[in-house]
Structure formats: structure tokens, C-alpha cells
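What follows is one structure encoded as C-alpha cells, with my remarks underneath.
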Amino acid sequence: MSFLDHLIVRTLPLVPKPVVGRFSRRYIAGPTLEDAMRVVRELNAQGAMATIDVLGEEIENREQAIAYASQYISVLDEIARLRVDSNISVKPTALGLKLDRDLCHEQIARVVARARDLESFVRLDMEDSSCTSDTIEIHNRLKRDFTNVGLAIQAYLRRSWPDVRSLAAAGANFRLCKGIYVEPRRIAFKDPLIIRKNYRRLLEEMLSRGCYVGIATHDESLVWEGIRLTETLGIPRDRFEFQMLLGVEEELRRILIDAGYRLRVYVPYGKEWYAYSVRRLKENPALAGQVFRSLVRGLVPGQARIGSAAEGGRHEAPIDKIVRRP
Ligand code: FDA
């Protein structure tokens with residue numbers, strides 16, 4: 001990452017929200033459930049499955065937790081009604097994890113029960129390390145009553161090895177990702193090479209214990225490891241899937257689908273797009289650089305266009321329209 005890109009990432013909080021919105025459009029289906037369904041249909045037509053995330057994180061009261069759970073139930077109903085190939089991903093903090101763990105368990109259980117009735121599946125996203133133990137605890141409680149629930153594990157966490165060993169022994173259904181939150185070194189590995197090695201080690205443990213795994217990465221060396229490990233261990237292709245985020249590495253996605261692998265795309269939608277967008281932009285330093293360059297160009301009269309297709313944006317729009325968008 002160049003010095004300029006580092007600088008942009010650090011100053012992202014200063015970038016006007018509408019500009020962040022403009023650049024993160026590729027990562028988000030749109031504000032409504034209809035937008036999510038349109039994108040899921042497009043993905044299904046391309047041979048990909050989906051998992052829908054209703055954007056939103058920490059909430060302030062019980063009513064919001066209950067409302068989020070109800071929104072997820074509507075998503076499940078719509079998936080069933082339209083017969084699209086998608087399940088859902090849930091952020092426990094949006095369902096009250098930081099307010100009251102029992103409330104959170106209760107609300108996720110409502111969602112998982114509906115998913116069970118509709119023969120669908122619920123994945124618990126893994127948030128920052130202050131949520132790890134509670135998320136695993138809620139997952140384990142849910143597993144007593146349901147089979148259609150799984151969780152995400154982050155390869156950057158030092159604790160993930162013992163966590164995976166005990167979860168795998170109980171037959172958990174995993175998503176394995178590197179991990180995105182900023183954590184202190186005593187909690188998380190910082191060296192990208194060690195994170196990769198840990199990813200491989202965890203993946204091997206999950207697969208060799210017979211667990212279903214969503215191999216969630218755009219890192220081609222890890223995709224290669226996933227293919228190598230599943231071949232070496234003789235894991236059938238219906239016992240794992242690759243997972244990618246909407247708007248990221250579409251070419252690699254295509255390559256895997258064409259090679260006959262199961263592939264699921266994470267499709268976020270909703271009005272609470274900002275926190276998710278900033279995380280994605282921080283992972284894409286090239287795009288963060290584009291934000292800066294566009295802002296500079298926006299200061300020069302007649303140079304106010306941003307996000308050309310060549311820069312990786314989906315559309316091109318004059319900056320005056322962009323800054324007025326809600
Ligand atoms: P890496 O970051 O090295 O990216 C590999 C390559 O992919 C990059 O070189 C670049 O080309 C491309 N790329 C990656 N991100 C990009 C972006 N935003 N824009 C453009 N290009 C990009 N994390 C977490 O903490 N909890 C969770 O529950 C989840 N859930 C989740 C679900 C799914 C389906 C995925 C794919 C990822 C997650 N994550 C997550 C995020 C994950 O932890 C991680 O931050 C990202 O996947 C990026 O890591 P990679 O393994 O892709 O490697």
C-alpha cells in the first residue's frame with residue numbers, strides 16, 4: 001500500500017458521507033429489500049448463491065432488536081416467495097448482543113426458527129473481539145435446538161484455534177474469513193503471512209473434522225489452498241463452498257463457478273450502509289486513493305466527474321449530483 005493510500009485510509013472519516021456512499025455503491029445492493037432481491041436474482045442467474053445481510057450494527061433499545069429480527073423474517077419470507085437461492089447473515093449486535101445476551105438469543109432464535117420452517121439457514125457474522133465469546137455462546141445455545149445455524153470464525157484471532165477445535169468437535173457449520181476489525185496485537189495476529197498460515201491451519205481442522213465450511217476469501221492463494229486441501233482430503237464439493245463479498249473479485253468468482261465450485265455472494269442491503277462501506281473501502285486502498293483523487297478533481301471547475309468505469313466504479317456521475325444524494 002502506498003503512503004498516499006495509507007493516508008487516505010486514515011482520513012476516511014473526514015471524507016463527506018455522500019462521497020463514501022458513491023464509492024461504496026458496488027458493495028451494497030441498495031437501500032431496499034427489492035434491491036437485494038434484484039441482485040440475488042442476477043447472482044443466481046450467474047450460477048452463484050447468496051447470503052443477505054440487513055445492514056445495521058449496534059442498536060440502542062429492545063424495540064430495535066425486535067424490529068431487526070422481524071426484518072430478517074421478512075427477508076426469509078421473500079426468499080421463499082421468490083424462490084431465490086439465498087440464506088441470511090446476521091450481525092448479533094444488531095439483534096441486541098450488547099444490550100442483553102438473552103434478548104439477542106431470543107431474537108436470533110425467532111429468526112432461525114422461521115428459517116428452519118422455510119428450509120433455510122442462518123449464519124452469525126463475527127464482529128469485533130468484544131463479541132466473540134458471546135456470539136459463540138449464543139451459537140452453542142442455538143445448536144441445542146436447531147441444525148440450520150452456523151457462525152463465522154476469524155483467522156486473525158489468536159483464540160480461533162481452540163475455538164475451532166471445540167466447535168468442530170460439536171459439528172459446527174463454519175464460515176472462515178481473515179477478520180476485518182481493528183484489534184490489538186495481544187488478541188489478533190498482525191502479520192498477513194501468519195494470518196494466512198492460520199487460515200490454512202483452521203481450514204484443515206474444519207474440513208478434516210467433517211464440518212461444512214464456507215471458505216470466505218478473495219485471496220487467491222487461500223482459494224488455491226481451499227482447492228488443494230479439499231482435493232487432498234477427498235472432501236465432496238457439496239461439503240464446502242467459496243464465499244465472496246458483493247462487488248469484490250468478480251473475475252475470481254466467475255473462474256470458480258466455471259470450474260464447478262459452489263460459490264455464495266454476501267449481499268448487504270439497507271439504509272445503515274456507512275460502517276460497512278468504510279470497512280470495505282479500507283480494504284480497497286486503490287479505491288480509497290480514487291476517493292482522494294476525485295475530491296481533488298472536484299475542487300477544479302469542469303473536473304468534477306468521479307468513479308469512471310475504468311476506475312472500477314459502476315457508473316459515472318457529476319459530483320454535484322453525488323453530494324446531494326441522501
Ligand atoms: P485480502 O484482504 O488480502 O484481499 C484479497 C484481494 O481481494 C485483495 O488483494 C483485493 O484484490 C481484493 N479485495 C479484498 N477486499 C476488497 C475490497 N473491499 N474492494 C476491492 N477489492 C478487494 N470479516 C469479519 O470480521 N467477520 C465476518 O463475519 C465476515 N464475513 C465475511 C463474509 C464473506 C462472504 C467474506 C468474503 C468476507 C467476510 N469478512 C468478515 C471479511 C473478511 O474478514 C476480510 O476482511 C475480507 O474478506 C478481505 O480479506 P481477504 O481474505 O479477501 O483477503
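Atoms within a ligand are numbered from 1 in the order they appear, just like the ligands themselves.
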Problem set entry | Residue-ligand contact Y199/ligand 1, heavy atom below 4.0 Å | no

Exercise. Between R26 and ligand 1, is there a nitrogen or oxygen pair with a distance under 3.5 Å?
Worked result: no

Exercise. Among K178, Q154, R279, R280, whose heavy atom sits nearest atom 41 (C) of ligand 1?
Worked result: R280

For this session: Indicate whether any N or O donor in one side chain lies under 3.5 Å from an N or O acceptor in the other, for R116 and T147.
Result: no

Exercise. Is there any N or O on Q243 that sits under 3.5 Å from an N or O of ligand 1?
Worked result: no

For this session: Check the side chains of S133 and R159 for a donor-acceptor pair under 3.5 angstrom, ignoring hydrogens and angles.
Result: yes

Problem set entry | Between Y269 and D53: side-chain donor-acceptor atoms closer than 3.5 Å | no

Exercise. Relative to Y276, does R280 satisfy both conditions: NZ or CZ under 6.0 angstrom from the six-membered ring centre, and within 45 degrees of the ring's axis?
Worked result: yes

Exercise. Once the angle between the rings of Y261 and F242 is folded into 0 to 90°, is it parallel (under 30°), tilted (30 to 60°) or perpendicular (over 60°)?
Worked result: perpendicular

Problem set entry | Per-residue contact class, M244 against ligand 1 - non-hydrogen pairs under 4.0 Å | backbone

For this session: Ignoring angles and geometry beyond distance, decide whether L245 reaches within less than 3.5 Å of ligand 1 through its nitrogen or oxygen atoms.
Result: no

Exercise. Counting each atom of ligand 1 from 1 as listed, which ones have a heavy atom of A152 under 4.0 Å away?
Worked result: 28 (O)

Seminar exercise, completed: For residues 214-230, the salt bridge (Lys or Arg N to Asp or Glu O under 4.0 Å) pairs (sequence neighbours left out) are K178-D219, R196-D219, R200-E225, E225-R228

Exercise. For I153 and S160, which heavy atoms make the closest approach, and how far apart are they?
Worked result: CG2-OG, 3.7 Å

Exercise. Counting each atom of ligand 1 from 1 as listed, which ones have a heavy atom of D219 under 4.0 Å away?
Worked result: 5 (C), 52 (O), 53 (O)

Exercise. Would you call R114 and D117 a salt bridge, using N to O less than 4.0 angstrom?
Worked result: no

Seminar exercise, completed: Under 4.0 Å from one or more heavy atoms of Y181, ligand 1 contributes atoms 25 (O)

Seminar exercise, completed: For T217, the atoms of ligand 1 under 4.0 Å from one of its heavy atoms are 50 (P), 51 (O), 52 (O)

Problem set entry | Contact atoms of ligand 1, heavy-atom distance to D125 under 4.0 Å | 28 (O)

Exercise. Looking only at heavy atoms, is any part of E220 under 4.0 Å from ligand 1, and if so is it the side chain, the backbone, or both, or is it neither?
Worked result: neither

Problem set entry | L281 N/O to ligand 1 N/O under 3.5 Å | no

Exercise. Which ILVMFWY residues can you reach from I187 by hopping between side chains whose heavy atoms are under 4.5 Å apart?
Worked result: Y156, L157, I180, Y181, F189, I194, I195

